[in-house]
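Naming convention: chains lettered A, B, ... in sequence-line order (proteins, then strands); numbering from 1 in each chain. Small disclaimer: the values here were computed from a predicted structure and weren't measured.
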2 protein chains.
Amino acid sequence: MASPSPAKPASRRGGPRVPATRFDRRLAKILTHATDVFYEKGYAGASMRDLSRASGMSLAGMYYYFESKERLLYLIQKHTFTTIMERLRERLQDESDPDQRIRIFILNHLEYFLANQKAMTVLSHEDDVLKNNLGAEIAALKREYYRICLELMDNYKRARGLEFSSRVAVLSLFGMMNWLYTWYNPRVDGDADELARQMGDTFLQGICSVNEGRAASQRK
Amino acid sequence: MASPSPAKPASRRGGPRVPATRFDRRLAKILTHATDVFYEKGYAGASMRDLSRASGMSLAGMYYYFESKERLLYLIQKHTFTTIMERLRERLQDESDPDQRIRIFILNHLEYFLANQKAMTVLSHEDDVLKNNLGAEIAALKREYYRICLELMDNYKRARGLEFSSRVAVLSLFGMMNWLYTWYNPRVDGDADELARQMGDTFLQGICSVNEGRAASQRK
DNA sequence: TATAATTTAGAACGAACGTTCGATAATCCT
DNA sequence: AGGATTATCGAACGTTCGTTCTAAATTATA
């Protein structure tokens, strides 16, 4: 209680939404710049000196805002995951049709992905680097996000009387969407709506006729 | 011409296939162990000391076999890519049906992926780390592999009179397959044949009915 | 077995790493 | 204005990094 104790949590609940504290605003800026650097060089490849240069702040000054490089990655991943999940829940509230609910999931994911491509890439690419408590917390968020999609898939199956592995279906869908970070080019590929429609069509039509008596893979 | 000159190419063409030279065999062992380490810690996160420990060879001794850590990654990626492409070409020779050719592509990819999961993960995950000549050479291999799949897709479209973006379709398919490295569990998910069937069905059924008058995404 | 070629390793290099410390500058409160 | 609090920084710490040098051990050749 006596120490100067920097790097505290500091963001109080329920305060005015946009302004926040001076501390929080500065931290948010740092997180944005750090996201750019992690995106360019990867977590392990980015040095604290790179990060401080990108933020226009001294190397030592950074440690006033967070206590380690590891925690910085944690803050980025946590914020990104929390935000995308928050938006998803809002959008799902107004819809009950199983087909549309999956389409909403896809659209929400792709919209956020393309609008925050660097953050989502850091989330996807640096998936296993956090260890212990920090890693466990992010892993829990990931599992929850996965579970939501799995539920949507199960409901869809039930509503249509289909039989296939929800697990493989959901993870294939994640693959289709998350792989975007390796190839998406806004000048060639469409916007989120267009991609969501194409991927949604492909995927939903695909799982719809799968496993119908194991004859689907026969020729002709 | 006077120097001891270690780290030469050394693998002669056309020699007896299995034995190879002493040098090549030892190098191959090192590549295998290095693949394990890169898989566990990532390229940037793995130190030369980690790699030497895994190979049971001294730190300095490693440099007799390759001239830098970067070149080591290059050797791993090049060998992996070359092998999977070689096998694909062999398998495609015997088949002319467009549908089946895509299924062969999927099966070949998944079989190799699951049999060489660590190497394929290193190939996928450390995609952008090689720079200059080395990076360009790997990128060229990747582009060729992509182009092959794109051609299969175009032929499929032509044969069935379909209209959709081959680019998005191919890259979505790559996403489905390559994302495997984040979730595949041999005890839960099936083997390559089973996965290839499920993904093949999903994907081919999916693109088959896509974009039919843009009505596919309508409700009910 | 002597000699040449190949293969290995100990020790050290300078550079870069993540983090800490104590002091200074800027801001806030009354 | 003045004292407390918040924010920033230069310099340095001890480690670890990729790589090199040189000499010794091992293997192949005669």
Side-chain angles (χ1 to χ4, degrees), chain A residues 1-12 19-31 33-34 37-38 41-75 126 129-132 134, chain B residues 1-12 19-31 33-34 37-38 41-75 126 129-132 134:
Chain A
M1 77 173 56
S3 77
S5 97
K8 52 200 116 164
S11 89
R12 65 267 148 80
T21 68
R22 187 182 146 86
F23 180 93
D24 286 351
R25 271 180 283 121
R26 196 86 177 86
L27 175 57
K29 283 275 184 204
I30 295 177
L31 291 186
H33 289 125
V37 179
F38 284 150
K41 325 184 80 166
Y43 172 77
S47 72
M48 283 298 299
R49 284 158 182 85
D50 292 330
L51 298 168
S52 80
R53 206 175 304 117
S55 295
M57 176 176 289
S58 75
L59 178 58
M62 305 279 282
Y63 284 86
Y64 180 71
Y65 289 95
F66 49 89
E67 61 206 51
S68 69
K69 185 186 167 191
E70 204 183 5
R71 181 144 214 124
L72 177 57
L73 177 61
Y74 162 81
L75 290 174
E126 315 294 346
V129 332
L130 292 178
K131 305 295 177 194
N132 306 325
L134 265 36
Chain B
M1 68 173 63
S3 76
S5 98
K8 53 201 113 165
S11 89
R12 65 265 147 81
T21 68
R22 189 182 143 84
F23 180 93
D24 285 351
R25 270 180 284 119
R26 196 86 176 85
L27 175 57
K29 283 275 185 205
I30 294 177
L31 292 186
H33 289 125
V37 179
F38 284 152
K41 324 183 81 165
Y43 172 77
S47 72
M48 283 299 298
R49 283 158 183 87
D50 293 330
L51 299 168
S52 81
R53 205 175 304 120
S55 295
M57 177 177 288
S58 74
L59 178 59
M62 306 277 283
Y63 284 87
Y64 180 71
Y65 290 95
F66 49 88
E67 62 207 48
S68 69
K69 186 185 167 192
E70 204 183 3
R71 182 147 214 121
L72 177 57
L73 177 61
Y74 162 81
L75 290 173
E126 315 294 345
V129 333
L130 291 178
K131 305 296 179 193
N132 306 326
L134 265 35

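Look at CG on A/Asp24: it is 14 Å from C1' on D/dA7, rounded to the nearest Å. If you measure from atom CZ of A/Phe66 to atom P of C/dG18, you get 11 Å, rounded to the nearest angstrom. Going from atom CE of B/Met62 over to atom P of D/dT20 covers 14 Å, rounded to whole Å. The distance from atom CZ of B/Phe23 to atom P of C/dT8 is 10 Å, rounded to the nearest whole Å. Distance B/Met48 CE to C/dA15 P: 20 Å, rounded to the nearest Å. Atom CD of A/Glu70 and atom P of C/dC17 are 18 Å apart (whole Å). To the nearest angstrom, P of D/dG18 lies 18 Å from CZ of B/Arg71. In this structure, the OH atom of B/Tyr64 is 5 Å from the C1' atom of C/dT7, given to the nearest Å.
Within residues 49-60 of chain A, the residues that have a heavy atom under 4.0 Å from DNA chain D are, in order of number, A/Arg49, A/Met57, A/Ser58, A/Ala60.
Between C/dC17, D/dT8, D/dC17, one nucleotide has an atom nearer to the side chain of B/Ser47 than all others, and that is D/dC17.
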Which side-chain N or O atoms in residues 42-49 of chain B pair as donor and acceptor under 3.5 Å with protein atoms at least two apart or in another chain?
{"unit_1": "B/Tyr43", "atom_1": "OH", "unit_2": "B/Glu70", "atom_2": "N", "d": "3.3"}
{"unit_1": "B/Ser47", "atom_1": "OG", "unit_2": "B/Arg49", "atom_2": "N", "d": "3.3"}
{"unit_1": "B/Ser47", "atom_1": "OG", "unit_2": "B/Asp50", "atom_2": "N", "d": "3.0"}
{"unit_1": "B/Ser47", "atom_1": "OG", "unit_2": "B/Asp50", "atom_2": "OD2", "d": "3.2"}

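Among A/Val129, A/Leu134, A/Leu31, the single residue meeting the side chain to side chain contact (heavy atoms under 4.5 Å, CB included) criterion with A/Leu73 is A/Val129.
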List the protein contact pattern of nucleotides 22-30 of chain C with one symbol per nucleotide (5' to 3'): B for base contact, S for sugar-phosphate-only contact, - for none; contact means a heavy-atom distance under 4.0 Å.
-----S---
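Using a 4.0 Å cut-off, some side-chain N or O of B/Tyr65 falls inside it from OP1 or OP2 of C/dT8.
Nearest heavy atoms, B/Ala20 versus B/Arg25: O-NE, 3.9 Å. Counting all heavy atoms, side chain and backbone alike, A/Tyr74 lies closest to A/Leu130 at CA-CD1, 3.7 Å. The heavy-atom pair separating A/Ala34 from A/Leu72 by the smallest distance is CB-CD2, 3.9 Å. Summarising the geometry of B/Leu27 relative to B/Phe66, their closest heavy-atom pair is CD1-CD2, 4.4 Å, with the distance given to 0.1 Å. Scanning all heavy atoms of the two residues, the minimum distance from A/Phe23 to A/Tyr64 falls at CE1-O, 3.8 Å.
In this structure the side chain of B/His33 never reaches within 4.5 angstrom of the side chain of B/Met57, judged on heavy atoms.
Heavy atoms of B/Ala46 sit under 4.0 angstrom from primed sugar atoms or phosphate atoms, though from no base atom.
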